[in-house]
Amino acid sequence: TNVPVKDQRIAVETEYVLRQGVVTRTDTYTPAAPLDVAGVSLDFASFSSGASVAGADVAFHDGAVRGFAVQGLANCRADDVAGSEAYRAPYGPMATLASCRTGAFTFDKPLRISWTIRYQ
């Protein structure tokens with residue numbers, strides 16, 4: 001059978017904080033033993049457009065999502081994906097893909113990654 005199997009190499013604790021117009025998720029990953037990691041990536045596709053990036057913060061000029069901010073990852077970018085087959089949804093095409101990444105590292109202590117979405 002093809003069923004999920006729990007991976008004992010990493011544990012995760014997840015916390016959400018919900019406030020008016022703001023959602024924050026924080027994940028703390030803890031390795032059971034040191035692991036060599038090729039990289040970590042976090043992608044956020046949005047219907048909002050007119051993105052500008054400052055460090056790990058993406059601001060949107062148009063749309064319900066006004067901002068997407070990441071802590072724990074670097075090298076953030078925002079790409080226009082309007083018209084892309086991969087970013088179509090039943091209720092319309094998405095406009096922007098925000099991506100944040102790390103390079104290779106030895107995962108030997110807890111890793112905390114947090115994202116915040118601000119919306120109107």
Side-chain angles (χ1 to χ4, degrees):
T1 62
N2 189 13
V3 296
V5 177
K6 186 174 182 176
D7 188 333
Q8 300 294 332
R9 296 174 298 171
I10 301 172
V12 64
E13 290 184 25
T14 301
E15 175 186 57
Y16 284 93
V17 177
L18 308 173
R19 298 188 327 254
Q20 180 69 37
V22 181
V23 176
T24 299
R25 175 178 167 155
T26 302
D27 294 300
T28 303
Y29 301 93
T30 304
L35 299 167
D36 290 328
V37 176
V40 176
S41 63
L42 173 66
D43 293 335
F44 172 69
S46 172
F47 295 100
S48 294
S49 60
S52 60
V53 180
D57 295 338
V58 179
F60 297 95
H61 186 264
D62 297 307
V65 174
R66 306 309 292 162
F68 177 71
V70 176
Q71 292 181 333
L73 299 174
N75 304 318
C76 295
R77 58 184 286 165
D79 295 307
D80 182 345
V81 294
S84 171
E85 288 269 337
Y87 294 96
R88 290 187 183 164
Y91 31 86
M94 295 180 196
T96 306
L97 176 65
S99 302
C100 298
R101 304 201 174 336
T102 70
F105 65 99
T106 298
F107 183 27
D108 58 357
K109 61 185 178 212
L111 172 64
R112 184 176 176 200
I113 299 173
S114 179
W115 54 256
T116 299
I117 298 171
R118 297 186 189 289
Y119 59 92
Q120 40 178 355

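We use all heavy atoms of the structure for the numbers below, so side chains are in, but hydrogens, waters and symmetry mates are not. Predicted model, so just to flag it, every value in this text is computed and none were measured.
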- Could you tell me whether a side-chain N or O of D80 sits under 3.5 Å from a main-chain N or O of A82, the two making a donor and an acceptor? yes

- Message: Tell me the closest heavy-atom pair linking V70 and C100, and the distance in Å.
- Response: CG2-SG, 3.7 Å

- Message: Under a 3.5 Å distance rule, please check whether T96 uses its side chain to pair with a backbone N or O of S46 as donor and acceptor.
- Response: no

- Minimum heavy-atom distance A56-C76, with the two atoms named: CA-SG, 3.5 Å

- Task: For residues A69 and D57, report the shortest heavy-atom separation together with the two atoms involved.
- Result: CB-OD1, 3.1 Å

- For Y119 and R19, the nearest pair of non-hydrogen atoms, with its separation, is OH-O, 4.1 Å

- Can the ring centroids of F107 and Y29 be said to lie less than 6.0 angstrom from one another? no

- Message: Taking T26's backbone N and O only, do any of them form a donor-acceptor pair with E13's side chain (distance below 3.5 Å, no angle check)?
- Response: no

- Query: With clusters built from Ile, Leu, Val, Met, Phe, Trp and Tyr whose side-chain heavy atoms come within less than 4.5 Å, directly or transitively, what are the remaining members of the cluster of V17, listed by chain and number?
  - Reply: none

- Query: Any chain of hydrophobic side-chain contacts (each under 4.5 Å) joining V12 to F105?
  - Reply: yes

- Task: Measure up the F44 and F68 rings against each other and bin them: parallel (under 30°), tilted (30 to 60°), perpendicular (over 60°).
- Result: parallel

- Task: Locate the shortest heavy-atom distance separating L73 from I113; write the atom from each residue and the value.
- Result: CD2-CD1, 3.9 Å

- Y91 and Y87: same hydrophobic cluster, using ILVMFWY side-chain contacts below 4.5 Å? yes

- Step through the shown structure and confirm whether more than 12 heavy atoms of other residues, nucleotides or ligands are within 6.0 Å of CZ on R112. no

- Gap separating the CD atom of Q71 from the OG1 atom of T116, nearest 0.5 angstrom: 6.5 Å

- Task: For residues L111 and V37, determine if any side-chain heavy atom of one lies less than 4.5 Å from a side-chain heavy atom of the other.
- Result: no

- So how far is it from H61 NE2 to S52 OG, rounded to the nearest 0.5 Å? 9.5 Å

- T102 side-chain N/O to G39 backbone N/O, donor-acceptor pair under 3.5 Å: no

- Message: Once salt bridge (Lys or Arg N to Asp or Glu O under 4.0 Å) is applied, what residue pairs with a partner in residues 88-108 remain, sequence neighbours excluded?
- Response: D43-R101, E85-R88

- Message: Is there a path of hydrophobic side-chain contacts, each under 4.5 Å between heavy atoms, that joins W115 and L97?
- Response: no

- P31 to P110 - nearest heavy-atom pair and separation: CD-N, 4.3 Å

